[in-house]
Amino acid sequence: MSLCKICNNDLETVISFGEMPISNRFVSDVTADEFLYDLSLGFCPECFMVQLEECVGPAMMFNEDYAYFSSISKAMEGHFGEMAKEIMDVVSDKPQPFVVELGCNDGIMLKHVAERGIPHLGVEPSANVAARAREKGVHVLEDFFNATSASEIKNRYGKADVICGANVMCHIEDINSVFEGVSVLLKPDGVFFFEDPYLADIIKKASFDQVYDEHVYYFSGLAVSELAKRHGLQLVNMVPHEVHGGSMRYYLSKGSKNRVTKNVEIFLAAEKTLNLHVLDGYILFRERVDKICSDFKQALLRIKAEGKKIAAYGATSKSTTLLIYSKVGPDLIDYVSDTTPTKIGKYTPGTHIPVKSHGHFIRDSPPYTVLLAWNHKREIFEKEKKYREKGGKFITFFPEVIIE
Ligand code: JHZ
Ligand code: SAH
């Protein structure tokens with residue numbers, strides 16, 4: 001039995017997906033062995049944190065070959081432009097502002113802060129994406145954020161007015177050390193906020209592909225509130241965002257006597273209605289996941305039986321779980337179209353489907369395309385209007401398989 005990484009209590013297993021490769025390690029040589037680990041999701045009945053039972057270790061995932069570049073999507077550019085505006089509002093009246101972002105990746109958000117000349121620091125361990133951020137004028141510390149690096153940052157630059165992170169907190173196994181670091185680095189009246197895929201959305205949509213090596217935690221307000229308390233912080237606000245299939249932005253302040261917004265009360269009550277605080281809330285999830293996988297594979301088999309070609313769109317890390325757990329590989333999907341230069345010419349982890357350029361997809365115009373990047377559906381449907389007008393069909397799968 002695995003133990004909770006927050007409170008050391010025994011975890012209850014929600015679902016096991018079996019052996020998986022590293023989700024963002026695209027393969028150059030399909031004959032070489034891939035590192036595999038056991039992917040299973042656990043729930044802690046004590047502190048309510050949903051989490052991976054086995055983790056692969058940060059250096060295996062976040063290094064100089066990191067495959068994900070945040071600036072691949074126009075919609076995400078817009079989203080992070082808005083986040084930067086919010087930060088600039090917070091620091092506008094500060095005499096000596098200092099903004100710290102964890103996991104700044106290629107600088108998609110901090111470039112706006114840098115452009116305004118606001119003192120800032122991105123903490124980013126993956127050297128290749130950090131280099132992109134530097135090209136945009138972002139000041140980067142190439143390191144993992146934790147209690148040790150937080151103390152070093154404080155000693156060198158002083159305390160921060162804002163500490164933030166998007167799609168990074170849920171990636172850090174030693175989250176207790178991160179919270180310790182935030183407590184050390186944040187000014188007494190500073191703002192700490194982070195956003196990640198929201199557990200309630202994952203459960204409602206059965207979007208199980210969010211479960212993979214990089215996502216160690218699946219946050220709810222209930223669990224974040226408990227975690228914050230352990231570190232002398234308080235959850236003061238929760239704001240939902242549509243990105244990545246449904247995300248939640250959590251705002252935390254120092255101390256326990258802050259003004260807490262009505263939103264926190266509303267979301268915590270809704271999470272209890274969904275039974276996210278007890279194992280019961282997760283029982284149906286497993287059945288729904290199995291049904292989606294079976295419907296998905298059947299749909300592809302039917303199309304193939306008609307002799308029609310199927311491609312896929314977006315060589316996402318999350319699709320590693322979908323494809324392997326549904327047992328869908330190159331026999332059903334000819335290739336995956338992706339715009340990331342470093343993914344093109346390689347193969348998907350574990351399933352070894354070739355990754356091809358967007359130009360190839362446009363020329364090929366396959367009759368059916370699995371939308372692996374379903375979270376970017378609006379942007380992609382807009383971009384691929386012509387493909388759909390010519391009769392091309394996209395296949396999506398959450399909360400059920402749809403061909404449109
Ligand atoms: P996308 C990554 O997840 C990993 P992934 C990480 N763990 C995480 O949490 C989120 O990001 C934030 C391509 N694409 O965003 C680009 C096109 O080809 O769903 C990407 O390879 N054309 C940090 O990998 C992929 O799709 C397009 O028009 O699941 C999208 O990956 C668009 C919009 C995207 O994240
Ligand atoms: N914030 C961006 C990037 C998400 S990708 C966005 O939302 O698009 C996650 C990033 O977190 C990666 O670039 C990875 O290298 C970084 N990361 C992983 N562990 C980290 C840690 N302990 N401290 C800071 N960054 C970390």
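Atoms within each ligand, like the ligands themselves, are counted from 1 in listed order. One-based numbering along the sequence shown.
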[X]: numbered ligand 1 atoms lying under 4.0 Å from its heavy atoms:
X	answer
Lys383	22 (N), 27 (C), 28 (O)
Ile380	28 (O)
Tyr313	22 (N)
Glu214	4 (C), 6 (C), 7 (N), 23 (C)
His215	7 (N), 8 (C), 9 (O)
Ala315	21 (O)
His171	6 (C), 7 (N), 8 (C), 9 (O), 23 (C)
Thr340	16 (C), 21 (O)

Contact check, side chains of Asp364 and Lys309, non-hydrogen atoms, under 4.5 Å: yes
Can you check whether [Y]'s main-chain N or O pairs, donor with acceptor, with [X]'s side chain at less than 3.5 Å?
X	Y	value
Lys343	Ala315	yes
Tyr282	Leu276	yes
Arg25	Met60	yes
Ser73	Met76	yes

[atom]: the protein heavy-atom neighbour that sits closest, reported with distance to 0.1 Å:
atom	answer
atom 31 (O) of ligand 1	Thr316 CG2, 3.5 Å
atom 26 (C) of ligand 2	Pro125 CD, 3.3 Å
atom 20 (C) of ligand 1	Asp338 OD2, 3.5 Å
atom 17 (C) of ligand 1	Thr339 OG1, 3.4 Å
atom 34 (C) of ligand 1	Ile72 CD1, 4.3 Å

With nothing but distance in play, are any N or O atoms of [X] less than 3.5 Å from an N or O of ligand 2?
X	result
Tyr68	no
Leu102	no
Cys104	no
Tyr66	no
Ala166	yes

What about [X]: any of its N or O atoms under 3.5 Å from an N or O on ligand 1?
X	answer
Asn24	no
Glu379	no
Asn167	no
Ser317	yes

So which heavy atom on [X] is nearest to which on [Y], and how close?
X	Y	answer
Ser23	Pro349	O-CG, 3.5 Å
Ile118	Val99	CG2-CG2, 4.1 Å
Cys104	Gly122	SG-CA, 3.8 Å

Measure centre to centre between the rings of [X] and [Y], then say whether the value is under 6.0 Å.
X	Y	result
Phe267	Tyr250	no
Phe398	Phe208	yes
Phe17	Tyr212	no
His139	Tyr157	yes

Qualifying residue for side-chain hydrogen bond (donor to acceptor under 3.5 Å, both in side chains) with Trp374, from Thr396, Asp209, Thr316: Asp209
Counting heavy atoms only, which of [options] comes nearest to [atom]?
atom	options	result
atom 10 (C) of ligand 2	Glu124, His171, Met83	Glu124
atom 29 (O) of ligand 1	Lys318, Lys74, His376	Lys318
atom 6 (C) of ligand 1	Phe361, Phe62, Tyr68, Tyr212	Tyr212

Would you check if there is a donor-acceptor pair between the side chains of His79 and Glu195 at a distance under 3.5 Å? yes
Verify whether one side chain among Asp143 and Ser149 offers a donor that lies under 3.5 Å from an acceptor in the other. no
Describe, in one word, how the ring planes of [X] and [Y] are oriented to each other, choosing from parallel (under 30°), tilted (30 to 60°) and perpendicular (over 60°).
X	Y	value
Tyr66	Tyr68	perpendicular
Phe62	His171	tilted
Phe35	Tyr37	parallel

Taking non-hydrogen atoms only, is [X] closer than 4.0 angstrom to ligand 1 via side chain, backbone, both or neither?
X	answer
Asn375	side chain
Trp374	neither
His244	side chain
Met76	neither

Short list, please: which atoms of ligand 2 are under 4.0 Å from a heavy atom of [X]?
X	value
Phe145	21 (C), 22 (N), 23 (N), 24 (C)
Val123	24 (C), 25 (N)
Ser70	2 (C), 3 (C), 6 (C), 8 (O)
Gly103	1 (N), 2 (C), 3 (C), 11 (O), 16 (C), 24 (C), 25 (N)

After noting the C-alpha distance and the side-chain angles of Arg230 and Cys7, does the key distance pass the side chain to side chain contact (heavy atoms under 4.5 Å, CB included) rule? CA-CA 9 Å; Arg230 288 173 172 267; Cys7 72; 3.1 Å; yes
Phe62 contact mode with ligand 2 (heavy-atom cut-off under 4.0 Å): side chain
With backbone taken as N, CA, C and O and side chain as the heavy atoms from C-beta onward, which portion of Asn167 lies under 4.0 Å from ligand 2: side chain, backbone, both, or neither? both
4.0 Å heavy-atom contact, Pro58 with ligand 2: no
Other residues, nucleotides, ligands: >12 heavy atoms within 6.0 Å of Lys205 NZ: yes
